[in-house]
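Keep in mind it's a predicted model, so treat the numbers as computed, not measured. Residue numbering restarts at 1 for every chain, and letters A, B, ... go by the order of the sequence lines.
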Amino acid sequence: MPPSRPFYITTPIYYVNDRPHIGHCYTTVVADVAARFQRLIRGVGGPPLRGGERAAGTEPSRSDGLPGVFFLTGTDEHADKVVTSAASHGMSPQAWADHNAEEFRKAFAFIGSSHDDFIRTTEPRHKERVTRYVRALMDAGQIYKGDYTGWYDPGQEEYLTETAAREAGYKSAISGRPLVKRTEPCYFFRLSEYQVRLLEHIEGNPAFIQPDARRQEVLGRLRPPAVLNNVPVSRPVTDDPATQWGIRIPGDPAHRLYVWIDALFNYLTAVDTDERRALWPCTVHLIGKDILWFHAVIWPALLMALRACPGYEWVGLPGTVFGHGWWISEGQKMSKSLGNFIDLEKLRAYAGRYGAGALRWYLATQGPLAGNDADFSHAKFVEVYNADLANGIGNSTSRVGNMIEKYFEGRLPAHSPGQDANGRGLRMFPDGGGHRMMDHAGESADTLSATDRIRFDFANNAVALRGGVNLVQFVDQYINVTQPFKVAKQPESSSRDWLATILSDCVESLRVASLLFYPAMPEKMAELWRRWNCNHLRDPDDANSGFVAPLAELAEWGGAYSLRPGTPIRKGDPLFMRADPVEPPP
RNA sequence: GCCGAGGUAGCUCAGCUGGUUUAGAGCGCUGGAUUCAUAACCCGGAGGUCGGGGGUUCGAGUCCCCCCCUCGGCACCA
């Protein structure tokens with residue numbers, strides 16, 4: 001039973017005034033790993049090349065008719081501060097946004113993101129569609145003009161929330177002058193009408209908000225006696241240039257759409273074309289936990305409202321909103337005052353010394369997905385790097401490749417029939433007097449393939465990556481037990497056959513393991529495949545070119561994509577050079 | 001303050017509705033074996049009163065009560 005729906009995953013669109021740091025990179029890497037796993041499972045074509053975006057109508061071709069994968073990221077550019085920042089740099093808001101959006105693009109290219117599109121809220125395609133949505137919601141009465149009353153700071157020309165005003169003693173934190181209660185016209189969204197429906201949907205769909213602790217938090221704020229109020233969705237346009245940046249309310253240019261509402265719609269505007277509309281509803285919105293309320297409450301309510309508008313019947317709710325946690329740095333919260341922010345320069349330094357794949361591996365396997373915040377510590381990084389990569393897949397491919405060069409002139413020997421059981425992974429090998437099952441690769445592949453049939457789950461990806469690690473360990477154990485290096489010294493021809501069998505088993509198992517590693521470390525695995533002449537990618541020289549078949553076929557033990565006897569196997573340089581724990585951090 | 005999650009080996013964590021053993025895994029540490037490999041790999045070990053106290057039970061890390069500690073959320077960011 002093939003997957004029935006396309007896989008559509010998003011990151012938040014990032015605030016363009018920020019400098020890219022570990023938080024942005026983490027979210028993007030986790031989403032990227034998920035997207036790559038899905039492309040692997042489905043055997044679909046790759047993303048557009050190296051950080052560019054795909055033009056509408058050029059979605060990945062599908063090798064076998066399975067629904068495709070779409071990975072979206074981008075930048076949020078309509079905040080007032082973009083205007084003031086731009087001014088302080090002597091640039092126009094748009095030029096400043098262009099410049100900073102480019103920084104994010106470069107960061108994501110460096111981290112190996114394979115997004116299919118990069119949307120910016122200042123793009124015409126976004127602005128036009130958002131304007132249409134808002135007009136539809138206004139026509140339906142879901143967005144209406146009312147009066148906003150709040151505590152206003154005349155000096156700062158901004159409103160404070162009731163809580164913030166109270167904490168400040170109803171005085172301006174800047175000037176110390178008293179805040180004034182002020183009322184002015186404003187557009188509101190009727191969020192209050194959706195409280196019951198939201199509650200029902202979240203209670204009835206445990207997967208809608210994840211992890212579960214986050215879901216409980218939202219439920220706690222949605223259940224009576226909590227009351228959902230209508231939310232302001234506009235801000236006034238004045239003489240201040242900062243207020244002239246943004247999408248105008250249709251038919252009322254004195255008001256512009258509040259930036260958060262504008263931003264949320266990006267998930268929809270990016271796919272609201274004839275070619276892409278089938279991608280909706282989105283499979284999963286991956287976000288940081290700070291913006292959970294907007295994504296788990298306001299956003300679905302907006303979608304419910306829009307869906308009721310004529311022509312928008314196709315607008316369903318996303319499958320999952322996943323709010324991950326934060327990274328801390330060397331045991332301490334990151335803050336600008338401490339100067340311990342893990343910024344792009346630091347990440348580049350790590351990638352420079354250990355490889356981008358190693359950095360992605362650390363982020364993807366040690367990150368704060370569910371549970372507690374995670375620590376980015378140099379000692380931990382080196383530990384994980386050495387244990388999983390240098391001493392794991394790196395060393396194992398090295399020793400196997402070396403023996404094939406040494407004993408078989410660098411060509412994969414033929415597996416002797418009847419010397420092992422058929423199946424996936426190394427099935428059995430003599431272990432003392434008994435036998436031991438070695439089919440972790442099969443388990444991992446099954447887990448993954450089942451993912452889409454049931455429901456997407458980040459945990460399955462972690463299991464699969466771990467499955468690759470476990471399979472490598474089994475290969476190492478197998479080598480220690482069968483001792484091919486001793487078999488090689490025995491003169492009998494039967495020993496020669498047994499040696500061939502052992503090594504071809506090792507190659508086949510590592511090949512399967514490498515498929516499971518690919519989503520986390522695409523370039524490194526593509527490198528291994530080039531050395532071993534594995535035919536997994538459409539273009540062996542391009543890790544992003546897409547797969548020639550779905551995972552179930554690629555990973556089949558001894559299947560159509562296993563290596564034929566005689567295939568050249570090059571050992572090459574170590575894929576992951578061992579790291580010295582005492583060397584100072586980069 | 002209110003609501004919620006959690007405190008299990010040096011570190012990161014598994015342990016579902018109580019009884020398969022003398023509480024597990026990975027990493028780290030330590031002893032051994034081995035040499036094909038990146039001083040890697042493989043095997044074994046050390047070993048934590050399962051936050052503290054009380055209770056229920058034939059029996060609790062696993063249920064109840066109290067206390068201590070850590071963490072998260074408490075919105076509309078106009």
Secondary-structure notation, RNA chain B, from Watson-Crick and G-U pairs under 3.5 angstrom (| other strand) | (((((((..((((.....[....)))).((((.........)))).....(((((..]....))))))))))))....
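When ring centroids are compared, A/Tyr354 and A/Phe381 come within the 6.0 Å threshold.
At the heavy-atom level, A/Asn229 lies under 4.0 Å from base atoms of the strands shown. At the heavy-atom level, A/Lys380 lies nowhere under 4.0 Å from the strands shown. In this structure, A/Ala213 reaches neither bases nor backbone, as no heavy-atom distance under 4.0 Å exists between it and the strands shown. Within the 4.0 angstrom heavy-atom criterion, only backbone atoms of the sugar-phosphate kind lie near A/Pro232; the bases stay farther away. Note on A/Leu191: nothing from the nucleic acid sits closer than 4.0 angstrom, heavy atoms only. The residue A/Leu292 sits apart from the nucleic acid: no heavy atom pair falls under 4.0 Å. Note on A/Val382: nothing from the nucleic acid sits closer than 4.0 angstrom, heavy atoms only. A/Glu383 comes within 4.0 angstrom of sugar-phosphate atoms only, judged by non-hydrogen atoms across all strands, and of no base. Among the protein residues, A/Asn395 comes within range of the nucleic acid bases, having at least one heavy atom under 4.0 Å from a base atom. Here A/Pro368 lies out of heavy-atom contact (under 4.0 Å) with every strand. Within the 4.0 angstrom heavy-atom criterion, no nucleotide atom of any strand lies near A/Thr365. Base engagement by A/Phe294 is indicated by at least one non-hydrogen atom pair under 4.0 Å involving a base atom.
Rounded to an integer number of Å, the gap from A/Leu471 CG to B/rC41 P is 16 Å. When rounded to the nearest whole Å, the span between CZ of A/Arg214 and C1' of B/rC71 equals 10 Å. Between the NE2 atom of A/His378 and the C1' atom of B/rC11 there is a distance of 16 Å, rounded to whole Å. The CG atom of A/Leu264 sits 13 Å away from the C1' atom of B/rC76 (whole-angstrom rounding). Rounded to whole Å, the distance from CG on A/Leu219 to P on B/rC2 is 21 Å. At whole-Å resolution of the value, CG in A/Leu198 and P in B/rA75 are 18 Å apart. The OH-P distance, from A/Tyr478 to B/rC41, rounds to 20 Å in whole Å. Nucleotide B/rA37 holds its P atom 9 Å from the CZ atom of A/Arg399, rounded to whole Å.
Between A/Arg221 and B/rA75 there is no side-chain polar atom (N or O) within less than 4.0 angstrom of OP1 or OP2. Between A/Lys489 and B/rC36 there is a side-chain polar atom (N or O) within less than 4.0 angstrom of OP1 or OP2. Residue A/Gln477 places at least one side-chain N or O closer than 4.0 Å to OP1 or OP2 of B/rC43. Regarding contacts with the backbone of B/rC27, every side-chain N or O of A/Gln366 stays at 4.0 angstrom or more from both OP1 and OP2. At B/rU38, one or more side-chain N or O atoms of A/Lys571 fall inside 4.0 Å of OP1 or OP2 (strictly under the cut-off).
A distance of about 38 Å separates the P atoms of B/rG72 and B/rU56, rounded to the whole Å. For B/rG51 and B/rA14, the P atoms lie 14 Å apart once the distance is rounded to whole Å.
Stacking of A/Arg221 on the aromatic ring of A/Trp293 is recorded, both the 6.0 Å distance cut-off and the 45° axial limit being met. Both the sub-6.0 Å distance and the 45° axial angle are not jointly satisfied by A/Arg214 relative to the ring of A/Phe322.
Residues A/Asn17 and A/Ser85 bring a donor and an acceptor atom of their side chains to less than 3.5 Å of each other.
For B/rA37, its base never sits under 3.5 Å from the side chain of A/Asn402 at any donor and acceptor pair.
Using cut-offs of 30° and 60° for the angle between ring planes, the A/Phe265 and A/Trp299 rings count as perpendicular. Ring geometry for A/Phe576 versus A/Tyr385: interplanar angle over 60°, hence perpendicular rather than tilted (30 to 60°). Using the six-membered ring where Trp is involved, A/Phe294 and A/Trp260 have ring planes that are parallel, under 30° apart on the 30 and 60° scheme.
In this structure, A/Gly220 and A/Asn230 both approach RNA chain B, and ranking their closest nucleotides by distance from the 5' end singles out A/Gly220. Both A/Ile393 and A/Asp373 lie close to RNA chain B; mapped to their nearest nucleotides by heavy-atom distance, the more 5′-ward contact belongs to A/Ile393.
Side-chain atoms of A/Arg399 and A/Ile479, non-hydrogen and from C-beta on, do get closer than 4.5 Å to each other. In this structure, the side chains of A/Ile22 and A/Leu363 come closer than 4.5 Å at one or more pairs of heavy atoms.
Out of B/rC41, B/rC36, B/rC27, the shortest distance to the side chain of A/Phe485 is found at B/rC36. Among the nucleotides B/rC74, B/rA40, B/rC36, the one closest to any side-chain atom of A/Arg578 is B/rA40.
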